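Because the structure is predicted, anything quoted here is derived from the model rather than measured. Below, read A as the first sequence line, B as the second, and so on, with proteins coming before strands; counting in each chain starts at 1.
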Amino acid sequence: MLLLWLRDLCRRFQQVPRRVTCCQASRDAKTSRAGWEEKGTNGVKWRQLEHKGPYFTPAYEPLPDSVRFLYDGKPVKLSLAAEEVATLYGKILHLECTTKEVFQRNFFSDWRKEMTAEERKLITHLDKCDFTEIHRHFVERTEARRTLPREQKQKLKEEAAKLQQEFGYCILDGHREKIGNFKTEPPGLFRGRGDHPKMGMLKRRVMPEDVVINCSRDSRIPEPPAGHQWKEVRSDNTVTWLAAWTENIQNSSKYIILNPSSKLKGEMDWQKYEVARRLKGVVDKIRAQYQVDWRSPEMKKRQLAVALYFIDKLALRTGNEKEEGETADTVGCCSLRVEHVRLHEKADGQKHVVELDFLGKDSIRYNNRVPVEKLVFQNLQDFMKDKDPRDDLFDALTTASLNKHLQDLMEGLTAKVFRTYNASITLQEQLRVLTRADDSLTSKVLAYKRANRAVAVLCNHQRAIPKTFEKSMQKLQQKIEAKQAQVTEAQVELEQAKADLRTRGENKPRSLLQKQRRLLKVEEQLARLRAQATDKEENKQVALGTAKLNYLDPRISIAWCKRFGVPIEKIYSKTQRERFAWAFERADEDFEF
DNA sequence: ATGACCACTTAGTAGGGAACTT
DNA sequence: AAGTTCCCTACTAAGTGGTCAT
């Protein structure tokens, strides 16, 4: 208690909390041995941090009188507060979430809290509310912005750039670094993923009074907006955030953080991959061990061994416990329930097939059938025996105990390192298998995409099928047919030319050569189109970006580009190149993960 | 042990703008 | 110039895993 109070006091006086520095020192002894820190500083993330604080969402701008809200068919002029919340709903009227009952109920309940007593008395049923004029108003506003004359657009762009210049950068240890999100989140209606019990709730406007500023003591402390104050100004150099507030839906912290291009973030990214590379050195031993443990007489040990097998083989997430009723019902490995597993003695012509079917992170469905070793199968049967569908599959296992075990196997090893390791090693291996040195540039890039996709599939990174997918696929098919016709035509012409040369003895070898070249060219184009179509089809439900950004050691890709003469721009966009700047300094063509 | 809390990484989506057609 | 497609980025939700108090 005393310590707590002291620490709080320290923070209030904007000093580096002593206790934190002390703790960090002991942690450092461990981490430096593991090669975590290179500067030899103890958990300290910066020495200097200066910034302007967050940029706040501009105040609410009332609707023009011409835009009406109707209740029960009659226009009602809403109070400012109630109108603002109404516009949040009207703005997203076209989105599917507004049709969900939970969303509507939560929204209506929170909206009513913003109404005056009078409004509350009048407006009692959401289905009598008509937001269509509000919705149209915002659609028109967007449209108006889109069709703005060139100079006006230019002006808006410049204003945005000015804002970016003023608020979008900080000074960290003498370097000007880009901030990731320099704006506070605007008020809005909470859009959880999947079946979220809180969808539709009002996310309130962030005020300076909610915001804690983190910066160095001797820096220019950011000014709060006129007439306002910060909640607190502190100087904690063991954390990387610049400002923080507590969001009112889940009561969790939101942070203003650095851009991924920053040195600090880059260094942390690098370390992540170095840990994964260390796993490469011990993974065989770990695999051998968990296979032995499948036979253990201890239930705990067997559950751990099977769970780890899933995490390793199927790249499952660890699956922390979640508070029931606060979030959507999703699971990971350790939180799998009996109802998520089906065992097939025989399926698809294979023995001992395990079928997993559950909602994972972001309520993305994981549905996979895999043949497993007999021992794994028998263990699963045992774990499921005499349990209800809603019971935990691994009832004797927690993520904490799993990670504790992993920590003993290798310094810095946690469950998520397996995902990183397996993702990166898969990319490297797939690139090796799929790339041919004498292929065209296009083919090489396509090979990369394939390798990337293999990882995305492994990690179950999915996306919604693009709305225009069918249409654009049809168009591509038409293009292919047209190209096919061209090829046929070119073939005929070539044959004709050959025949002419023979029969009439016409002496035009130049034209013959031209026709041959023509055929080759259209055939190549056809092949390219076909490859494109295959690629598109295989990719329609797969999200490649997540793996690329978070799981694939960029040094693998950089080395591959160098080895095969592929320009790096073909693989990484500008922001991605900035994000992976750390890797360019550390990878030559011989790099091996 | 257990749970609350915190800080950080990982995730999919909406919407805007660039690039390409018409 | 307008329409269309495609790619990128901003946004913010939802995970992981550590620490600390109880």
A:Ile257 atom CD1 is separated from C:dA13 atom P, nearest whole Å, by 13 Å

Under 4.0 Å, counting only non-hydrogen atoms across every strand here, what does A:Gly545 touch: a base, just sugar-phosphate, or nothing? nothing

For B:dG15, take OP1 and OP2 only and decide whether either is under 4.0 Å from a side-chain N or O of A:His94.
-> yes

For this session: Mind checking A:Ala415 for me? I need base, sugar-phosphate or nothing, with any heavy atom below 4.0 Å counting as a touch.
Result: sugar-phosphate

In short, salt bridge (Lys or Arg N to Asp or Glu O under 4.0 Å) pairs touching residues 244-254 of chain A with sequence neighbours left out are A:Glu185-A:Lys254

When rounded to whole Å, the CG to P distance for the pair A:Leu413 and C:dG17 reads 10 Å

Report task. Select base, sugar-phosphate, or nothing to describe what A:Asn403 touches, counting heavy atoms under 4.0 Å on all strands. Result -> sugar-phosphate

Distance criterion of 3.5 Å, no angle test: do you see the side chain of A:Lys361 paired donor-to-acceptor with the base of B:dT10? yes

- Task: Report yes if a side-chain nitrogen or oxygen of A:Thr330 is closer than 4.0 Å to either non-bridging phosphate oxygen (OP1 or OP2) of C:dG15; otherwise report no.
- Result: yes

**Request:** Considering just the side-chain nitrogens and oxygens of A:Lys203, establish if one lies under 4.0 Å of OP1 or OP2 belonging to C:dA13.
**Result:** yes

Sugar-phosphate only, base, or nothing, as touched by A:Pro260 at under 4.0 Å among non-hydrogen atoms
nothing

Worksheet item: Are OP1 or OP2 of C:dA13 and a side-chain N or O of A:Gln250 less than 4.0 angstrom apart?
Response: no

Judged by atom type as modelled, is there a donor-acceptor pair below 3.5 Å linking the side chain of A:Arg577 to the main-chain atoms of A:Tyr572? yes

Pairs under 3.5 Å (N/O, protein and nucleotides 4-6 of chain C):
{"from": "C:dT5", "atom 1": "OP1", "to": "A:Lys475", "atom 2": "NZ", "distance (Å)": "2.8"}

Fill in: Any A:Thr142 side-chain nitrogen or oxygen under 4.0 Å from OP1 or OP2 of B:dG15
no

Quiz item: Counting any heavy atom closer than 4.0 Å, what does A:Glu247 reach on the DNA or RNA strands: base, sugar-phosphate only, or nothing?
Solution: nothing

